Amino acid sequence: MGADAIPDAAGTPKERTVWSTSTWWKLSAVALVILTLVAYLMRNVVLGTPTAVYVATSGELVQTVVASGRVISPQRINVALQGTGRVVRVAVVEGQTVERGKLLIELDDSDSRASLAQATADVAHAQGRIRQLSELNQPQAAQALAQTQATARQALKTLERNRKLVSQGFISPAALDEAQRAVDVAASCVASAQAMANSTKPSGSDTALAQAALAQAVAGRQLASAKVAQGTVLAPSSGVLISREVEVGDIVQPGKALMVLAANGQTQLLIQIDEKNLSKIALGQAALGSADAYANLRFDAVVAYINPGVDATRGSVEVKLAVTNPPPYLRQDMTVSVDIETARRSAAVVIATSTLEDADTDKPWVLVVRDKHAVKQFVTLGLRGDTRVEVLDGISAGEGVIPKSKLGVKAGQRVRARVQDIPPLAGAPAAGKSPVEP
């Protein structure tokens with residue numbers, strides 16, 4: 001850069017600054033950078049603030065209540081013994097499927113079998129006594145009665161004859177007295193023989209005593225047989241043995257639970273539902289279950305029972321679901337997760353729950369992008385969940401809704417929408433269906 005002498009108005013020479021080409025280029029570059037920076041800083045004012053939005057979608061909406069629980073059988077049977085003894089055999093192992101009547105436990109029953117043999121002999125003895133009454137005693141009593149009756153008749157004839165002889169003076173009165181005594185003795189013998197004969201009849205006392213003795217012997221045999229039966233435990237129902245607390249050689253006591261049998265029947269799921277979701281649950285609702293051990297496999301279930309009471313300590317309600325076709329891998333006490341379908345909409349407008357403001361009030365609202373501006377819009381909600389919510393009025397499908405976590409965006413502000421997909425749910429169904437979790 002140089003300087004030339006230029007005269008001023010008074011004619012005095014004055015120097016003039018001359019800019020070189022390189023200097024002009026430098027000044028132009030600086031000016032361009034400044035203009036670019038100003039344009040960058042003003043872009044949001046002119047074009048709008050870049051803002052992520054979720055697009056309201058339309059499709060089938062399914063609301064579910066998600067809970068966890070365990071597999072149960074409708075009946076558990078505690079297997080115990082009525083008697084005391086030493087275990088000589090355990091015929092089943094845990095997890096084994098057993099049929100009704102199958103042997104489970106066997107005790108040493110040598111004493112009870114000896115008692116049964118003795119009781120059986122007592123029954124045979126009592127039965128023999130009854131036969132003896134009918135075959136021997138009764139005929140003997142009848143013959144003895146006939147003999148005494150004949151003797152009595154003969155004594156009576158002798159008495160009559162002696163009376164005539166005494167009146168004629170052929171014999172002394174003492175002979176008549178002897179004949180009378182013989183008649184009295186014969187009558188006594190007849191009465192005794194008659195009583196004996198009556199006691200041996202089917203309706204007599206001897207027969208009654210013999211029958212009572214037989215009944216007592218039979219009862220003793222039944223008792224001995226029951227004690228023998230107590231030495232073995234049979235499966236009271238078909239099912240699966242889920243617990244075993246006995247081994248060979250153990251001395252067991254009456255009433256102590258030795259095994260637990262899960263009886264066959266309709267498999268059920270026992271879950272706990274938060275009481276805030278109680279109004280959504282109803283009998284007959286369909287559900288999908290999955291065992292934690294087989295998380296990728298699903299099976300159908302139906303709500304079969306809702307406990308009328310609420311657990312105050314946990315704030316939950318007990319619900320049972322029936323599994324009509326349980327898969328073979330499903331086992332007793334398995335941990336399961338359940339999705340109960342509580343509502344369904346065929347064509348619903350759905351937005352992300354994270355876009356809602358004042359969601360718990362009677363006037364929820366969202367910021368919706370319209371004409372490149374954030375507009376405050378009050379909405380009417382339908383099915384609600386943690387990640388999805390149905391909009392009945394206020395939003396149309398295809399409109400962009402700004403998440404409330406996006407700080408700095410206010411109603412009326414110019415924005416540039418950047419569409420993002422609503423985060424998918426774990427295990428979400430196929431496209432076209434938007435589940436709503438509680």
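No experiment lies behind these values; they were computed from the predicted model shown.
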With sequence neighbours excluded, residues passing ring-ring contact (aromatic ring centres under 6.0 Å, His included) with Y329:
Y294
What residues, two or more places apart in sequence or in another chain, satisfy side-chain contact (heavy atoms from CB on, under 4.5 Å) together with A80?
none
Partner set under side-chain contact (heavy atoms from CB on, under 4.5 Å) for D292, not counting sequence neighbours:
T335, S337
Partners meeting salt bridge (charged side-chain N to carboxylate O under 4.0 Å, His left out) with E275 (sequence neighbours left out)
none
Contacts of A359 that satisfy side-chain contact (heavy atoms from CB on, under 4.5 Å) - sequence neighbours left out
L356, R384
So the ring pair (Phe, Tyr, Trp, His ring centres under 6.0 Å) pairs with at least one residue in residues 142-168 (sequence neighbours excluded) are none
Could you note down all residue pairs passing ring pair (Phe, Tyr, Trp, His ring centres under 6.0 Å) where residues 80-134 supplies at least one of them, sequence neighbours left out?
none
For L297 versus S290, what's the shortest heavy-atom pair and its separation?
O-CB, 3.4 Å
Of all heavy-atom pairs between A67 and I273, which one has the smallest distance, and what is that distance?
CB-CD1, 3.5 Å
Using a distance-only test with no angle check, is there a side-chain donor-acceptor pair under 3.5 angstrom linking T342 and Q63?
yes
Pairs of donor and acceptor atoms involving the side chains of residues 245-256, under 3.5 Å and at least two apart or interchain, shall be tabulated with distances.
from	atom 1	to	atom 2	distance (Å)
E247	OE1	R244	NH2	2.7
E247	OE2	R244	NH2	3.3
D250	OD2	E247	N	2.9

Once salt bridge (charged side-chain N to carboxylate O under 4.0 Å, His left out) is applied, what residue pairs with a partner in residues 323-338 remain, sequence neighbours excluded?
R70-D333, R76-D333
4.5 Å side-chain heavy-atom contact, Y54 and P403:
yes
Name all residues meeting the side-chain contact (heavy atoms from CB on, under 4.5 Å) criterion together with A91; count only those two or more places apart in sequence or in a different chain, and write none if there are none.
R89, L103
Per the side-chain hydrogen bond (donor to acceptor under 3.5 Å, both in side chains) rule, what does the pair list look like for residues 90-100, sequence neighbours excluded?
E99-S238
If I compare all heavy atoms of A293 with all of M334, which pair ends up nearest, and what's the gap?
CB-CE, 4.4 Å
With sequence neighbours left out, what residues match D108 under salt bridge (charged side-chain N to carboxylate O under 4.0 Å, His left out)?
R86
